[in-house]
Amino acid sequence: MISKASLRKQILASRDRLPEDNRLSISAVIADKFLSTDFYKDSRVIWAYWPFGSEINTAPIVHRALSENKKVILPKVEKQKLLLYEIDDPQVQLVPGTYGIMEPVIKGCHPARIKDIDLIMVPGIVFDRKCNRLGYGGGYYDRMLPSLDKAVKIALCFGLQLIDFIPVEKHDIKVDIIITEFEVINCNYKKT
């Protein structure tokens, strides 16, 4: 069986090889699918993430949500945990932080009310059809997601990031829905 580390390395290398113009055009298709879901339309408070490296370009989703008066929350890494802040102007309120990822500036942002989050965009490197995910290995999301069990967790990924099987452990947290350029996989999530 392939190790998590090997799987991450293999899929990340494939994602990194996608030409930037392809990444952007595929990202636009995935963003359109995400924005057309009832989960997005019905949401009021979205925990998003700013794109980093070869990830799906989530910036248009963040801008659209803000233009539709939704609250947008972005994470900041501090001392091995995620702190969440509400933003309203990415150009002013984001600066390079831990790992070079754009993060909220604490002085210009309000701490998020975690209980208000109803939709979470979950990043990752590898996903499978049972909605398992492998993140970057820090466990940041796996530690926070259990406290947000009422929020729908949606992963946006390129089709090449979706495989048949991921080795998982008890602490690994699944997402509810995966959206690629080819399909939307709903792992039995039902709105209540």
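No hydrogens, no waters, no symmetry mates; every other heavy atom, side chains included, goes into these values.
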hydrophobic_cluster_shared for Leu83 and Ile73, side chain cutoff 4.5 Å
no
Does Asp164 have more than 12 heavy atoms from other residues, nucleotides or ligands lying within 6.0 Å of its CG?
no
Kindly indicate, with the supporting measurements, whether the criterion side chain to side chain contact (heavy atoms under 4.5 Å, CB included) is fulfilled by Thr37 and Val184.
CA-CA 10 Å; Thr37 66; Val184 175; 5.7 Å; no
Apply side chain to side chain contact (heavy atoms under 4.5 Å, CB included) to residues Leu162 and Phe182 and explain how you reach the verdict.
CA-CA 11 Å; Leu162 186 63; Phe182 305 116; over 6 Å; no
Does the cation-pi check pass for Arg143 over Tyr140, that is, NZ or CZ under 6.0 Å from the six-membered ring centre and within 45° of its axis?
yes
Cluster overlap Ile177 with Ile185, hydrophobic side-chain contacts below 4.5 Å:
yes
Just by distance, no angles: are the side chains of Arg64 and Ser67 close enough, under 3.5 Å, to form a donor-acceptor pair?
no
For Pro51 and Asn57 the tightest heavy-atom approach is CG-OD1, 3.5 Å
Is a side-chain donor or acceptor of Glu103 paired with a backbone partner of Val77 at a separation under 3.5 angstrom?
yes
Side-chain donor/acceptor pairs under 3.5 Å, residues 107-116, sequence neighbours excluded:
residue, atom, partner, partner atom, Å
Arg113, NE, Asp116, OD2, 2.7

Give a yes or no answer on whether the side chain of Gln161 reaches the backbone of Phe127 with a donor-acceptor pair at less than 3.5 Å.
no
So Glu55 and Pro123, do their side chains get closer than 4.5 Å, heavy atoms only?
yes
Keeping Asp142 on the side-chain end and Asp172 on the backbone end, is there a donor-acceptor pair under 3.5 Å?
no
Apply side chain to side chain contact (heavy atoms under 4.5 Å, CB included) to Leu119 and Lys70, showing your working.
CA-CA 11 Å; Leu119 179 60; Lys70 295 181 186 285; over 6 Å; no
Under a 4.5 Å cut-off applied to non-hydrogen side-chain atoms, are Ile154 and Met121 in contact?
no
So which atom in Ile163 and which in Ile11 form the shortest heavy-atom distance, rounded to 0.1 Å?
CG2-CD1, 4.1 Å
Would you call the rings of Tyr40 and Phe34 parallel, tilted or perpendicular, where under 30° means parallel and over 60° means perpendicular?
tilted
Are side-chain heavy atoms of Ser54 and Leu18 found at a separation under 4.5 Å?
no
Side-chain (Glu181) to main-chain (Gly159) donor-acceptor, under 3.5 angstrom:
yes
Side chain to side chain contact (heavy atoms under 4.5 Å, CB included) partner of Ile61, chosen from Leu35, Asp32, Val72:
Leu35
Any non-hydrogen side-chain atom of Tyr141 less than 4.5 Å from a side-chain atom of Pro75?
yes
Minimal heavy-atom distance between Val122 and Arg133, with the atoms involved, is CG1-NE, 3.3 Å
Is Ile87 close to Trp50 at the side-chain level, that is, under 4.5 Å between some pair of heavy atoms?
no
Could you walk me through whether Tyr85 and Leu74 pass side chain to side chain contact (heavy atoms under 4.5 Å, CB included), step by step?
CA-CA 6 Å; Tyr85 291 91; Leu74 291 178; over 6 Å; no
Do His63 and Pro60 touch side chain to side chain, with heavy atoms closer than 4.5 Å?
no
Has Lys76 got more than 12 heavy atoms of other residues, nucleotides or ligands less than 6.0 Å from its NZ?
yes
Lys153 to Val175 - nearest heavy-atom pair and separation:
O-CB, 3.6 Å
For Leu84 against Met144, the heavy-atom pair lying closest together:
CD1-CE, 3.7 Å
Determine the minimum heavy-atom distance between Val168 and Lys4, stating which atoms define it.
CA-CE, 4.4 Å
Any side chain to side chain donor-acceptor pair (under 3.5 Å) pairs touching residues 18-31, not counting sequence neighbours?
none
Taking Ile56 as the fixed residue, which of Leu156, Thr180, Leu24 is the one that meets the side chain to side chain contact (heavy atoms under 4.5 Å, CB included) rule?
Leu156
Taking the side chain as C-beta and beyond, is there a heavy-atom pair between Tyr49 and Thr58 under 4.5 Å?
yes
Are any of the side-chain heavy atoms of Phe39 and Asp176 separated by less than 4.5 Å?
no
